[in-house]
Amino acid sequence: MTEKAGFRVLFLLTLKPGAQERFLAAYEAVRWVVARVPGHLGDQVCQSTEDPEEWLLTSQWRSAEDFLAWERTPEHRALAAPMLAAVARRRSQRYVVRHDTVGRTGTRRAEPAAQTADLEG
């Protein structure tokens with residue numbers, strides 16, 4: 001059975017050279033506001049280990065409708081503008097989350113004893 005667990009938005013970003021501090025300051029300003037938006041479950045800001053100008057923002061929502069309602073507001077556009085000013089290239093992708101094990105207890109199972117024995121022996 002497929003479990004619907006929300007909506008995830010990915011923003012793949014390439015920052016302008018030297019814009020990292022400006023970008024992070026703008027992200028900090030946005031994240032505290034969006035944390036109070038109905039349906040917002042959380043977000044992450046990630047920097048590439050291979051290219052310091054490459055970033056990934058993930059945003060998790062209860063539903064696509066919650067995200068789209070927020071995205072259409074003038075407040076969203078105004079808050080996002082300083083972050084986007086630091087970005088040279090961007091791409092977004094949207095996904096329905098079908099199953100989520102992050103933060104749930106009891107999701108990992110122990111390996112069967114026969115497999116464990118093979119690894120030890």
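The analysis underlying the following values was restricted to heavy atoms, covering all of them including side chains, and did not include hydrogens, waters or symmetry mates.
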Test side chain to side chain donor-acceptor pair (under 3.5 Å) applied to Thr14 - qualifying residues, sequence neighbours left out: Glu54, Arg89
Pairs where residues 75-85 contributes a residue and the test side-chain hydrogen bond (donor to acceptor under 3.5 Å, both in side chains) is met, not counting sequence neighbours: none
For residues 81-88, tabulate all N or O donor-acceptor pairs below 3.5 Å that involve a side-chain atom, not counting sequence neighbours.
none

Verify same cluster id: Val34, Leu41 (apolar side-chain graph, 4.5 Å): no
Under 4.5 Å side-chain linkage, directly or through intermediates, the cluster mates of Leu56: Leu10, Leu12, Tyr95
Counterpart residues, salt bridge (Lys or Arg N to Asp or Glu O under 4.0 Å), relative to Asp66 (two or more places apart): Arg62
Gln20 and Gln47, any side-chain heavy atoms less than 4.5 Å apart: yes
Qualifying ring pair (Phe, Tyr, Trp, His ring centres under 6.0 Å) pairs with a residue from residues 10-45, counting only residues at least two apart or across chains: Phe23-Trp55, His40-Trp61
Salt bridge (charged side-chain N to carboxylate O under 4.0 Å, His left out) partners of residues 22-42, not counting sequence neighbours, each pair once: Glu28-Arg31
Heavy-atom closest pair, residues Trp70 and Thr73: O-OG1, 2.8 Å
Worked verdict on Thr58 versus Arg8 for side chain to side chain contact (heavy atoms under 4.5 Å, CB included): CA-CA 7 Å; Thr58 68; Arg8 175 79 58 155; 3.4 Å; yes
Partners passing salt bridge (Lys or Arg N to Asp or Glu O under 4.0 Å) against Arg94 (at least two apart in sequence or in another chain): Glu71
Rounded distance (nearest 0.5 Å) linking atom OG of Ser48 with atom CG of Leu13: 12.0 Å
Check against side chain to side chain contact (heavy atoms under 4.5 Å, CB included), Phe7 and Val97: CA-CA 5 Å; Phe7 188 70; Val97 177; 5.9 Å; no
